[in-house]
Every structure is written in C-alpha cells, then in structure tokens.
Colleague: 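Handing you a structure now.
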Amino acid sequence: MKRTLSVLVENRPGVLTRVAGLFSRRGYNIDSLAVGRTENPSISRMTIVVDGDEQIIEQVGKQLNKLIDVIKISDITDDPYVGRELILIKVNAEPAVRGEIMQIVDIFRARIVDIARNSLIIEATGDADKIDAIENSLRPFGIREVVRTGKIAMLRGAKTRGMEASGNDTGE
Amino acid sequence: MTLGSKERTGARAVMEVLLAEGVELVFGYPGGAVLPLYDELARTPIRHVLVRQEQNAVHAASGYARTSGKTGVCLATSGPGATNLVTGIASAYMDSVPVVIFTGQVPTRMVGSDAFQETDITGITIPITKHNYLVKDVEELPRIAKEAFYIASTGRPGPVLIDIPKDVALALCRASLPERVELRGYKPTYQGHPGQLRALARLLGEAERPLIFAGGGVLASRAEDYLRQLAEKLQVPVVTSLTGLGAFPEDNPLALGMVGLHGKPCANHALMECDLLVGLGVRFDDRVTGALEKFAPRARIAHLDIDPAEIGKNVRVDLPLVGDISCILQELLPLVAPASHGPWLQRIKELRNLYPLTYGRGGEVRPQWVMERLGEMTRGQAIIATDVGQHQMWAALYYGYTEPRSFVSSCGLGTMGYGLPAAAGAALARRDKQVWLITGDGSFQMSMAELGTAMEQGLPLKILLFNNQSLAMVRQLQHFYYDRQYTAIEFTGNPDFVRLAECYGAEGLRITRQEEVVPVLARAMGNDRLTLIECVISPEEMVYPMVPEGAGLDEMLLPE
Ligand SMILES: Cc1ncc(C[n+]2csc(CCOP(=O)(O)OP(=O)(O)O)c2C)c(N)n1
C-alpha cells in the first residue's frame with residue numbers, strides 16, 4: 001500500500017537527515033521524498049511516498065511525530081489532491097527519428113528543453129503514471145540519462161494543510 | 001528576545017540556564033574544545049564531578065536522574081570525549097532517562113574540515129537522543145539550552161545533546177533567557193482522552209481476571225501512589241517490568257514482581273491467564289513478551305503511555321490511551337468502583353504455591369540467598385544499582401523493592417559497566433540512602449576506574465561483587481543454545497578485588513562461605529566507608545526462571 005504523506009517541518013539544517021535516517025533505521029520503505037520551502041520561510045514541506053501495511057504507516061506517522069522538528073503530518077492519500085513529479089530525460093535523437101520523438105513530446109504535453117547533435121533533453125511534469133508512460137515511450141530510442149524529482153502534492157480546493165496544533169494524536 | 005540585556009559569553013549564558021534550571025551537579029571530563037564552558041562553570045556554585053571516562057559521566061548523570069527525579073547534566077570535550085559518551089547516551093535513551101549533555105566542538109570555521117578532535121557528534125547521536133543541536137549562532141544558545149532541559153524532562157524523558165563550537169562559547173551573546181519554551185513541533189499529551197478513560201473504566205469493571213503491568217513510565221511520572229490506590233481499590237494484582245521495579249511495593253499482597261524472560265513464575269503465569277492486561281508506562285519489550293504470538297492469549301490489552309509511538313508497536317492493543325500516567329490514573333480513580341476479584345486472587349494464590357521462585361540449596365554461597373539476605377537486612381530500603389549479567393537478574397528477583405526509584409539498572413540497552421558510575425550518581429543524589437552496587441567481575445572491570453571518582457567524592461558506596469571468574473550470563477546462553485561450548489567467557493587474570501579496594505583507600509571484604517554472608521553484609525552496612533565485598537560464587541549458576549527463545553511466558557525453564 002502506497003501512502004502520500006505531507007509533512008511540515010522546521011526549515012533548519014539537519015532536518016532532512018533526521019527524517020531520512022528515521023526511515024532507513026527503522027526499515028521503512030520510502031518511495032520518494034521531495035522537500036522545499038513553503039509560503040512561510042521558517043517551514044519546509046516534505047512530500048513523502050511510503051510503502052507499507054497499515055501498521056507500518058501508522059508507525060511511520062508516529063515516529064515522524066516524535067521528531068521535535070516535525071510540526072505536522074497529514075496522510076493525504078485519500079483526499080483529493082494534485083500530485084506532480086518532474087522528469088528530465090536525455091534521449092538519443094538522430095535526425096531521422098526526431099519527428100517521431102516530437103510527436104510523443106506533444107502527446108504528453110512535454111517540452112524539449114535542449115537540443116544537441118544526436119540527443120534531446122525532454123522535460124515533463126505530471127503524476128507518476130504519466131511520467132512512467134513518457135519514459136516508456138521514449139525508451140526504444142535509447143535513454144541516456146534520467147533525472148526525476150520525487151512527488152510533490154497539494155490538496156485541491158481552498159483547503160490548506162495549515163500549521164494548527166501539532167501532531168500528538170490521542171491514539172484512538 | 002530582549003535586547004539591551006547585558007552582554008556575556010555564550011558559555012556564561014549556558015551557566016545562567018543551568019542555574020535557572022536548578023542544576024547543582026555536573027558530571028564531566030574536560031578537554032580543549034570545552035574549556036570555555038569549564039572556565040565559566042568554575043565561577044558558579046555548581047559542583048563538578050570529574051569522572052574517569054566520559055561514558056561514565058552519562059551513566060552517573062543517569063543514576064543521579066533516576067534516583068532524584070531531576071535532570072542529569074554532563075559535560076565533555078569534542079572528538080574522543082564526545083564519542084566516548086555514545087554508549088552512555090544510548091543507555092539513557094533506551095531507559096528514557098532525562099539527561100542534558102553539553103559537548104565542546106571545534107571552532108565553527110573548522111567544522112567539517114576533519115580538524116583535530118573533530119567528530120560529527122550531532123550526526124552520530126541522532127538515533128540515540130530525543131533531540132540534539134549544533135549551535136552555530138551564539139544568540140540562539142540561551143534558547144537552545146533552555147529548550148534542551150524542557151525536552152529532556154517533559155513528555156517521555158530522554159537525553160538531549162548540545163554541541164557548542166569553541167568560538168560560539170566564547171562569542172558575546174546579547175540574547176536573554178527566554179521566559180518560556182515555544183516548540184511548535186513538540187506538544188506532549190498529558191491529559192487522557194475522556195472517552196478512552198471511560199472505556200478503560202468499563203473494561204476494568206467487566207474484567208474477571210485483570211492484571212496491571214507497570215513499567216518505568218509509572219516512575220517517570222511519579223504515579224506510584226495512584227497505581228497503589230488503583231490496585232487496592234480494584235484488588236488487581238500487579239506485575240512490573242525490570243525498569244518498573246519499585247513502582248509497586250513488593251511487600252504488598254497484590255505484588256507479583258517482575259515479569260518476562262527471567263520473570264517470577266507466578267507473574268508470568270498470571271500474565272498468561274489474565275483476561276485484561278493494563279500496561280502502564282511500558283513498551284512491551286521483547287524481553288517481556290516472549291514469543292509475541294503466544295503473549296497474553298486470553299487478555300484484552302489496554303496500553304497507557306505518554307509516547308503514542310509505543311502503542312501498537314509490538315503488541316496488538318484493544319484500548320490505547322495516550323497521556324501522562326499520573327494524570328490518567330488520577331482521572332481514572334473516581335470512575336472505577338471498588339471490586340474484590342475473589343476467584344482471581346484465589347487463583348493467584350494457587351499460582352504462587354504451584355510455582356514458587358526457587359533455587360537449589362546445594363554448593364557453596366548462593367547468590368540468590370545473598371540477595372535475599374541483603375533485602376532483609378536493608379528492609380528493601382536501600383538503593384540498588386546493578387550491572388548487567390546474571391547478578392542483575394538475581395538483584396531484580398530476590399531483593400524485594402519497596403520504594404520507587406530504588407532500582408537503577410541499564411534495562412533497555414543492557415550496558416555492562418553502567419553500575420558503578422550509576423551508583424555514584426545515585427549516592428550523590430540521595431545522601432539519605434544507602435546505595436548498593438550489585439555487580440559481576442566482568443561488568444565491574446568495565447568501569448572500575450570510577451572507584452577513584454567515588455573515593456574523591458567521599459561516597460560510602462557498598463559494592464557487592466559476585467565473582468565467578470567469568471561472564472556467566474554468556475556462559476548460560478552457550479549452555480542452552482550452543483551445546484555447552486563455552487568460549488571467551490573465562491577470566492584468568494582478574495585482580496584481587498579486596499586488595500584493589502584497599503589500594504583506593506576503601507574497605508575490602510570477602511565472602512567465600514555461607515556463614516560469612518550475614519556478618520560481612522552487616523559489617524559493610526555498619527561502616528561509613530566505601531566498601532567492596534567480593535563474594536565468590538560458582539560460574540555454573542543459572543538464572544531461573546528462563547523463557548527459552550520462541551517460547552511463551554508460561555513455558556519457563558525452572559531449576560530441577
Ligand atoms: C558492554 C557490553 N558488552 C557485552 C555484553 C554482553 N553480556 C551480557 S551479560 C555478560 C556477562 C556479564 O558478566 P558479569 O558482569 O561478570 O556478570 P555475570 O553474568 O557473571 O553475573 C555479557 C558479556 C553487554 N551486555 N554489555
């Protein structure tokens with residue numbers, strides 16, 4: 001079961017180490033982790049995709065909550081949210097196949113951001129499925145390099161995941 | 001932050017926090033990078049206890065904290081001083097002991113350059129501290145130092161480390177001490193959820209064979225009186241974890257003693273037969289549960305703890321309740337009606353008779369018998385510190401703890417060498433109590449240099465050293481699990497411990513025969529000097545009961 005956690009943390013050095021270390025130390029499977037500053041410069045948001053059964057996900061949340069630098073954790077998997085990843089793909093592109101590649105780029109509403117004699121860099125954003133699909137479609141041409149961010153996510157509508165009271169739930 | 005307050009160095013600001021926190025005693029070991037702090041410490045009335053190795057500074061602070069209820073404080077230098085702390089910190093972390101540790105660090109401009117005596121101690125201690133800090137800006141130091149004490153002592157207590165580069169300690173600081181601590185990511189829950197409290201009262205009302213399982217959390221939250229009131233009002237028997245010894249007086253008729261791997265037979269059987277198990281400030285450690293799938297098979301489990309992450313971590317829980325044990329029990333007491341649980345108490349009586357705690361009487365001096373005598377002679381009112389090994393289990397099983405905070409031992413990490421420094425810390429915290437260290441020749445040799453510290457501090461410790469010339473707990477494991485192939489467990493180069501004690505100016509006594517036990521213990525109790533008693537025992541002793549690997553708690557091995 002994959003869950004997407006949106007985690008607000010203090011924007012301080014070392015916080016990423018604490019979070020990443022917690023995952024490896026306790027043997028939790030982290031699918032991706034993306035981190036960046038929020039609208040409040042003293043707070044960062046981590047979007048963490050974890051894989052595990054219900055008991056593990058519950059422990060992940062509780063253990064994260066124990067970190068003093070973690071302000072709030074929300075499991076947004078079941079809420080409507082926009083999730084995005086960014087991918088950069090360097091693909092072989094002899095002049096003869098460029099047209100074909102450009103068609104694929106169009107279909108996925110991706111962009112070509114760099115052109116060399118025999119290769120192109122393609123940039124695409126989207127949810128994980130779309131990113132996988134574009135990568136698969138380009139594979140036959142020969143992918144030289146891929147860089148992928150982890151997923152970032154935001155709830156749909158006016159609702160925000162604010163900074164209300166911190167996380168020690170009563171455990172019910 | 002109030003500006004305009006008078007400028008002083010960062011080191012001085014740290015001292016202001018220590019004084020504001022009521023710190024009377026600091027355990028430490030100096031070195032270049034931490035000298036700015038030492039220099040300022042010398043200008044305060046705070047007493048410094050110079051240990052012989054930094055690990056022992058943390059153990060001593062831990063013994064001090066556990067017996068006084070205050071936060072222990074340590075000081076060490078960068079590099080090797082800091083890395084020496086690691087086992088001490090990990091031990092305190094596993095037993096949730098409040099300790100604040102200050103380390104000196106190389107100057108900020110050198111941090112990260114592999115400078116002389118530089119180690120990334122904050123990186124190293126992330127997994128073994130409740131929180132830690134590397135201070136880069138002196139203006140943050142007063143806030144951080146204050147936060148550290150707050151974090152260490154509130155919620156689930158634990159060690160907090162502050163790493164202070166030398167230049168930061170020397171820099172001028174204008175920030176005054178904050179009035180309050182504001183931590184948006186740290187808000188422990190103290191009050192129990194009212195609905196859950198009522199549900200717990202209901203469960204207690206319905207149960208026919210309830211059992212309370214009390215742990216270190218009861219002692220940490222000073223809930224021992226509420227626990228006794230609850231047990232007596234409802235007539236519920238009580239078992240404890242190793243850390244929980246002393247949380248419930250063992251001379252109370254409802255006390256069953258320690259449960260688990262080497263738990264008392266009756267306690268283990270009661271746990272397997274109860275229909276409601278109420279865990280109070282425990283973490284259902286694997287040494288307690290035995291095989292998880294066989295644990296408390298007939299019981300619904302209620303788990304009360306201040307740390308939500310402990311609930312549901314190891315055992316399935318029917319009723320979770322997060323909060324401070326004192327707060328919860330105080331609120332729970334009026335919600336429950338008095339009960340008698342006659343048939344269950346009758347059954348407990350049967351279990352006590354069917355499965356007494358026994359040991360063979362043959363051979364020479366029996367350590368179990370010695371511990372029983374010590375319990376009688378001190379009327380269970382001494383503070384007992386232990387090391388780790390067979391002697392630790394005999395101390396846990398045969399002494400008979402009647403007072404809270406009277407048992408001091410490395411329970412979660414099982415750190416050999418913990419005993420002597422922890423006993424010293426306890427003796428410094430509790431001048432009113434006799435402090436006994438129960439140790440083995442293996443453990444004692446891991447920290448015996450602290451005899452020097454204890455002598456310097458004038459501590460009249462009583463040390464009972466069970467000398468079997470071996471690492472007998474390991475021998476026991478090899479006996480049961482490795483076909484009695486005994487390797488790497490025998491000491492042939494032990495010192496003469498009696499003369500060792502005398503060397504330090506302490507009194508040394510020896511027990512080799514049973515008739516000597518009582519007079520020698522009495523002699524040690526009666527003098528006011530540090531006294532070491534070497535008690536010679538057989539390496540073939542076993543700790544019973546013992547729950548074999550993979551077995552349930554009722555499948556204990558008992559002595560023939
Ligand atoms: C620092 C450390 N190293 C190793 C161990 C493993 N260990 C557990 S008990 C024990 C033997 C302890 O010997 P001793 O202190 O003489 O006590 P005894 O069992 O003989 O009573 C050992 C080596 C440990 N717990 N701690």
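Everything quoted here is computed from the prediction, not taken from an experiment. Chain naming here is simple, since letters A, B, ... match the order of the sequence lines and numbering starts at 1 in each. Below, each value reflects all heavy atoms present in this structure, side chains not excepted, and no hydrogens, waters or symmetry copies.
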Colleague: Any donor-acceptor pair under 3.5 Å linking the side chain of A:Gln59 with the backbone of B:Ala309?
Modeller: yes
Colleague: Under the rule for side chain to side chain contact (heavy atoms under 4.5 Å, CB included), what residues qualify as partners of B:Val135, not counting sequence neighbours?
Modeller: B:Leu141, B:Ile144, B:Ile162, B:Ile164, B:Val168
Colleague: For B:Lys166, does the NZ atom sit with more than 12 other heavy atoms under 6.0 Å from it, leaving out its own atoms?
Modeller: no
Colleague: Are the side chain of A:Thr125 and the backbone of A:Leu86 linked by a donor-acceptor contact shorter than 3.5 Å?
Modeller: no
Colleague: Any side-chain heavy atom of B:Lys313 sitting closer than 4.5 Å to one from B:Pro308?
Modeller: no
Colleague: Does the pair A:Arg3/A:Asp75 count as a salt bridge with the N-to-O cut at 4.0 Å?
Modeller: yes
Colleague: In a check of side chain to side chain contact (heavy atoms under 4.5 Å, CB included) between A:Leu5 and each of A:Leu64, A:Ile76, A:Thr77, which one passes?
Modeller: A:Leu64
Colleague: Would you mind checking if A:Asp127 and A:Arg84 are paired as a salt bridge, meaning a charged N to carboxylate O distance below 4.0 Å?
Modeller: no
Colleague: Are there over 12 heavy-atom neighbours, none belonging to B:Glu293, within less than 6.0 Å of that residue's CD?
Modeller: yes
Colleague: Which residues in residues 91-99 of chain A have any heavy atom lying under 4.5 Å from a heavy atom of chain B?
Modeller: none
Colleague: Report the distance from atom NZ of A:Lys90 to atom CD1 of A:Ile121, rounding to the nearest 0.5 Å.
Modeller: 4.5 Å
Colleague: Is there a donor-acceptor pair under 3.5 Å between the side chain of B:Thr289 and the backbone N or O of B:Ala291?
Modeller: no
Colleague: Between A:Lys130 and A:Glu85 (salt bridge meaning N to carboxylate O under 4.0 Å), is one present in this structure?
Modeller: no
Colleague: Among residues 276-284 of chain B, which ones touch chain A with a heavy-atom distance under 4.5 Å?
Modeller: none
Colleague: Could you tell me whether B:Asp307 and B:Arg156 have a side-chain N and a carboxylate O separated by less than 4.0 Å?
Modeller: yes
Colleague: Please classify the contact between A:Leu67 and chain B as side chain, backbone, both or neither, with a heavy-atom cut-off of under 4.5 Å.
Modeller: backbone
Colleague: Is any side-chain N of the basic residue among B:Arg109 and B:Asp167 closer than 4.0 Å to the acidic one's carboxylate O?
Modeller: no
Colleague: Report, by ascending residue number, the residues of residues 19-26 of chain A in heavy-atom contact with chain B at a distance under 4.5 Å; give 'none' if the set is empty.
Modeller: A:Arg25
Colleague: Between B:Thr122, B:Ile126, B:Leu134, which has the largest tally of heavy atom pairs under 4.5 Å with chain A?
Modeller: B:Ile126
Colleague: Checking B:Leu319 against chain A: side chain, backbone, both or neither under 4.5 Å from a heavy atom?
Modeller: neither
Colleague: Heavy-atom distance under 4.5 Å to chain A: side chain of B:Asn132, backbone, both or neither?
Modeller: both
Colleague: Treating B:Tyr93 as the side-chain partner and B:Leu413 as the backbone partner, does any N or O pair qualify as donor plus acceptor under 3.5 Å?
Modeller: no
